[in-house]
Amino acid sequence: KIVGPGNAFVNEAKRQVFGDVGIDSLAGPSEVVVLADDSASPEFVARDLLAQAEHDPDARAILVTTSERLANATHTTIEKWLPGLSRKEILEKSLNNQGAIILVADISEGAHLVNRIAPEHLQVMTENPQQMLPLIRNAGAIFLGEFSPVAVGDYFAGANHVLPTAATARFASPLSVFDFVKSSSLVQYSKQRFGNDAEHIARFAELEGLINHKLAIECRNER
């Protein structure tokens with residue numbers, strides 16, 4: 001099995017070998033959503049959005065907030081810092097093409113929007129971040145509180161860095177040990193149990209038009 005983050009070239013290599021080996025997913029580009037209320041620091045939020053945007057011109061950095069003050073202050077701060085930053089061209093392309101600051105009516109609406117986006121990384125920067133967890137269904141990795149930026153997960157915290165992207169967090173999970181465990185289904189019927197179910201199984205086969213399936217059942221039911 002070949003797993004791990006990468007870029008367009010890594011994805012193409014995975015696509016070509018899939019079938020001969022297993023892969024985790026065709027992931028990317030990277031993304032973060034910051035869900036914040038008025039308690040959040042505009043400087044922290046701006047830094048975290050910029051940290052995501054510097055990955056790639058197609059990286060996505062989004063702020064979802066209930067606070068117009070925070071929205072305006074974050075935008076102003078990014079505009080002030082951007083000219084002096086390294087990777088400026090990448091940052092500008094990412095923020096102009098994929099970035100957004102979205103104002104919502106309340107935190108429940110914000111959580112609903114997060115679940116629709118289903119981000120790879122979700123930072124919750126609210127007054128009581130743990131209280132948001134019951135509202136969040138779709139996110140690859142969730143970072144709670146102003147001192148839990150995505151960068152701690154990238155380098156040190158221990159959470160897996162291979163995460164579902166492009167809204168696949170609606171149905172996929174981070175890479176884990178279970179991705180390296182292979183199982184088989186096991187079926188063993190007794191004669192009595194087979195006899196109890198045979199008529200129903202044969203009927204399903206008949207309805208599907210697969211007569212040899214039906215006969216494979218009926219020949220055993222006659223014994």
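Values below: every heavy atom of this structure, side chains too, minus hydrogens, waters and symmetry copies.
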If hydrophobic residues (ILVMFWY) are linked whenever their side-chain heavy atoms come closer than 4.5 Å, directly or via other members, who joins Val187 in its cluster?
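Val187 shares its hydrophobic cluster with Tyr189, Phe194, Ile201, Ile217.
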Here's a test for you: under salt bridge (Lys or Arg N to Asp or Glu O under 4.0 Å), which of Glu199, Glu206, Glu208 qualifies with Lys214?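 Only one option passes, and that is Glu206.
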Please report the closest heavy-atom contact between [X] and [Y], naming both atoms and the distance.
| X | Y | value |
| --- | --- | --- |
| Arg170 | Ala118 | CG-CB, 3.6 Å |
| Leu63 | Thr74 | CD2-OG1, 3.9 Å |
| Ala46 | Thr77 | CB-CG2, 3.9 Å |
| His121 | Ser30 | CE1-OG, 3.6 Å |
| Ala40 | Ala36 | CB-CB, 3.8 Å |
| Val32 | Asp48 | CG1-O, 4.4 Å |

Would the number of heavy atoms belonging to other residues, nucleotides or ligands and lying under 6.0 Å from [atom1] of [X] be above 12?
| X | atom1 | answer |
| --- | --- | --- |
| Lys182 | NZ | no |
| Phe180 | CZ | yes |
| Arg193 | CZ | no |
| Gln16 | CD | yes |

Could you verify whether a donor N or O on one side chain and an acceptor N or O on the other, from Ser41 and Glu43, lie under 3.5 Å apart?
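Judged by distance alone, the side chains do pair up.
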Atom pair [atom1]/[atom2] of [X] and [Y] - distance to nearest 0.5 Å:
| X | Y | atom1 | atom2 | answer |
| --- | --- | --- | --- | --- |
| Asp24 | Leu175 | CG | CG | 6.0 Å |
| Asp37 | Asp106 | CG | CG | 11.5 Å |
| Glu109 | Leu113 | CD | CG | 7.5 Å |
| Phe178 | Ser183 | CZ | OG | 11.5 Å |
| Gln52 | Glu120 | CD | CD | 6.5 Å |
| Ile107 | Asn128 | CD1 | CG | 10.5 Å |

- prompt: Would you say Lys14's side chain and Gly4's backbone share a donor-acceptor pair under 3.5 angstrom?
  reply: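 Between the backbone of Gly4 and the side chain of Lys14 there is a qualifying donor-acceptor contact (under 3.5 Å).
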Got [X] and [Y] here, is their nearest side-chain heavy-atom distance under 4.5 Å?
| X | Y | value |
| --- | --- | --- |
| Thr65 | Leu35 | no |
| Leu85 | Leu50 | yes |
| Lys1 | Ile23 | no |
| Leu49 | Val34 | yes |

Pairs of donor and acceptor atoms involving the side chains of residues 90-105, under 3.5 Å and at least two apart or interchain, shall be tabulated with distances.
unit_1: Glu92; atom_1: OE2; unit_2: Lys88; atom_2: NZ; d: 2.9
unit_1: Ser94; atom_1: OG; unit_2: Ala59; atom_2: O; d: 2.7
unit_1: Asn96; atom_1: ND2; unit_2: Glu92; atom_2: O; d: 3.0
unit_1: Asn97; atom_1: ND2; unit_2: Lys93; atom_2: O; d: 3.2

For a quick test of your reading: what N or O donor-acceptor pairs under 3.5 Å do the side chains of residues 132-157 make, sequence neighbours left out?
unit_1: Asn138; atom_1: ND2; unit_2: Asn115; atom_2: O; d: 2.9
unit_1: Ser148; atom_1: OG; unit_2: Leu144; atom_2: O; d: 2.7
unit_1: Asp154; atom_1: OD1; unit_2: His161; atom_2: ND1; d: 3.3

